[in-house]
Amino acid sequence: ALGNDHKHHGEADETRLGDHHHVDCARIVPDITDPVPVRSPLVVLSALAKIFRHKDVVEVGTRNGDSITCFAHAAKSATGIEMVQDYCKQLDIRSAKLKAAGGKGFRVECSMFQQAKSLGDADYITFWLGGDRRNLPILAHLHAMQARGEIVRPNTEAVIAFDLRSGMDILSYNYWSKHAAWTQLVPFDECSHCQRTLTAKQVTGFTTCKRAEGTFAISGFRISQLSNATLDAAWKRGFPNWRHLHDYDNYSKTCHDPT
C-alpha cells in the first residue's frame, strides 16, 4: 500500500509560478529518445521543469538527455551527471544542437555522482534511479557534503521521482514521503507511445509497457534538513531482495503490450 501523508507542492507554489510558466516537454523536446519507463513521463518532466524555472538544476543519471533537454528550456542553468561514456557523447551532441538552435544548452559532467563537482552549487538536484539502493546512497552523499560545507547554498533541495507502479519505488516512497518537504502526484498515460516504440523495437532490452500509464510522485527534500536519524533508519531498513521486488509491482491493467 502507498503512504497517504502528502504535503503537496501546492496552491502557494501554483500561484507564485502561474499557469503562464507551464513548460510542455512534449512540445519543446521533439526528438524524444527513450520510452516510459526508461525515462520519466513527459508530463512529469513538465511538472519538474516548472519547479526548476529560473533556477540552477543538476540531474543525476541523465542517460540520453530527454529530461535535461526540457529542463534547459526553463532553468537558469542545467547540468546532467552521467557515468556512461557513450551517453555523455550523445549528451554533448544534443546540447550543441540546442545551442545551435538558439537555446542555452546544458552542461555535461561525465562522472559517478560521488565525484561530481556540480552537486555543490545548485538550487535543485533531481533524479529518478529507482528504489533505495540508489536513492539512499545519493541522499547520504548529499548529507555528507552538507556536513563538510561543500554544498554552498542553504536551501538546496533534492527532488526525487517515484514511479508508483514500480515495487522498488513504492517501497522507497512509503518511507521517504514521510520526510519530504513537499510532494506532488502526477498522473500520466504514454501507453500508445510505448506500444509504438515496442513494436518498432527502438530500444534494446525494453520489453513491456505495463508501466507506461499510472502516477508518479515527485518529492522535495531540503538537504540541510536531512537528519542522521532519518538516514540511519533508512539504512537499517535494508533493501528487499531483488527477486522479490516484483511482488510489490502495481502494473497497469489497461496498457497492454502489443501483440
Side-chain angles (χ1 to χ4, degrees), residues 1-9 36-41 44 48 58-63 67 81-84 111-116 119-120 122 124-148 150-151 156-186 205-208 210-211 214-252:
L2 298 177
N4 294 317
D5 297 323
H6 309 300
K7 290 164 282 189
H8 293 278
H9 199 243
V36 172
V38 180
R39 62 155 168 82
S40 301
V44 174
L48 289 168
V58 173
E59 181 185 42
V60 179
T62 303
R63 195 175 158 93
S67 50
I81 297 171
E82 176 55 56
M83 67 178 186
V84 179
S111 75
M112 301 281 286
F113 75 85
Q114 294 93 333
Q115 286 79 49
L119 293 176
Y124 292 104
I125 299 162
T126 189
F127 47 96
W128 174 49
L129 300 172
D132 268 357
R133 288 183 185 271
R134 298 180 178 93
N135 294 342
L136 181 51
I138 296 177
L139 288 173
H141 178 68
L142 294 174
H143 177 69
M145 288 182 67
Q146 177 80 34
R148 295 192 298 263
E150 296 172 3
I151 291 182
T156 297
E157 284 191 1
V159 180
I160 306 177
F162 303 90
D163 177 2
L164 300 185
R165 288 213 182 279
S166 164
M168 56 187 174
D169 267 355
I170 291 170
L171 293 173
S172 182
Y173 176 73
N174 281 347
Y175 179 79
W176 288 107
S177 62
K178 301 170 187 174
H179 304 284
W182 54 265
T183 289
Q184 181 177 345
L185 301 179
V186 185
F206 175 63
T207 59
T208 184
K210 293 179 181 178
R211 284 168 50 195
T215 299
F216 259 61
I218 49 179
S219 297
F221 304 84
R222 186 74 56 85
I223 302 303
S224 61
Q225 295 177 359
L226 282 175
S227 70
N228 287 324
T230 298
L231 291 165
D232 288 346
W235 286 116
K236 288 177 182 177
R237 289 171 72 237
F239 307 119
N241 189 299
W242 284 107
R243 289 176 295 180
H244 299 301
L245 275 175
H246 290 302
D247 295 345
Y248 301 92
D249 286 338
N250 180 30
Y251 283 158
S252 172

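Exactly one of Asp163, Asn135, Asp169 qualifies for a side-chain hydrogen bond (donor to acceptor under 3.5 Å, both in side chains) with Trp128. That residue is Asp169.
Note: Leu185 CG to Phe216 CZ = 12.0 Å, rounded to the nearest 0.5 Å. Here the CD-CD1 distance, from Gln114 to Ile81, works out to 10.0 Å after rounding to the nearest 0.5 Å. The CZ atom of Phe162 lies 7.5 Å from the OG1 atom of Thr183; values are rounded to the nearest 0.5 Å. Atom CD1 of residue Ile125 and atom CE of residue Met145 lie 7.0 Å apart, to the nearest 0.5 angstrom. How far OG of Ser177 is from CH2 of Trp182: 13.0 Å, rounded to the nearest 0.5 Å. Separation of atoms CG (Leu48) and CD (Gln184) is listed at 8.0 Å; rounding is to 0.5 Å.
Side chains of Thr156 and Leu142 form no contact here, defined as non-hydrogen atoms less than 4.5 Å apart. Here the side chains of Phe127 and Glu59 are not in contact, with every heavy-atom distance at 4.5 Å or above. Between Trp176 and Thr230 there is a side-chain heavy-atom pair separated by less than 4.5 Å. Using a 4.5 Å heavy-atom cutoff, the side chains of Phe239 and Leu136 are in contact. You'll find the side chain of Ile151 stays beyond 4.5 Å of the side chain of Leu119, heavy atoms only.
Environment of CE in Met83: sparse, with no more than 12 heavy atoms of neighbouring residues, nucleotides or ligands closer than 6.0 Å.
Considering all non-hydrogen atoms of both residues, Phe113 and Val60 come closest at CB-CG1, 3.9 Å. Contact between Asp249 and Gly167 at its shortest, heavy atoms only, is OD1-N, 2.6 Å. Summarising the geometry of Ala180 relative to Ser219, their closest heavy-atom pair is CB-CB, 3.9 Å, with the distance given to 0.1 Å.
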Criterion side-chain contact (heavy atoms from CB on, under 4.5 Å) on Ile138 and Leu129, from CA distance to verdict: CA-CA 10 Å; Ile138 296 177; Leu129 300 172; 3.3 Å; yes
Could you walk me through whether Tyr124 and Val58 satisfy the side-chain contact (heavy atoms from CB on, under 4.5 Å) test, starting with their C-alpha distance in whole Å, then the side-chain angles of each, then the deciding distance to 0.1 Å, before giving a yes or no? CA-CA 6 Å; Tyr124 292 104; Val58 173; over 6 Å; no
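Note: Tyr175 and His179 have tilted aromatic rings, judged against thresholds of 30 and 60 degrees for the angle between ring planes.
Under a 3.5 Å cut-off, the side chain of Glu82 and the backbone N or O of Arg63 do form a donor-acceptor pair. A donor-acceptor pair is defined here as one N or O able to donate and one able to accept, closer than 3.5 Å; such a pair exists between the side chain of Arg165 and the backbone of Asn250. A donor-acceptor pair under 3.5 Å is formed between the side chain of Thr126 and the backbone N or O of Val159.
In this structure, Arg237 pairs ionically with Asp132, as a charged nitrogen and a carboxylate oxygen lie closer than 4.0 Å.
Asn228 pairs by the side chain to side chain donor-acceptor pair (under 3.5 Å) definition with His143, not counting sequence neighbours. Partners of Tyr248 according to the ring pair (Phe, Tyr, Trp, His ring centres under 6.0 Å) rule, which considers only residues two or more places apart in sequence or in another chain, do not exist here.
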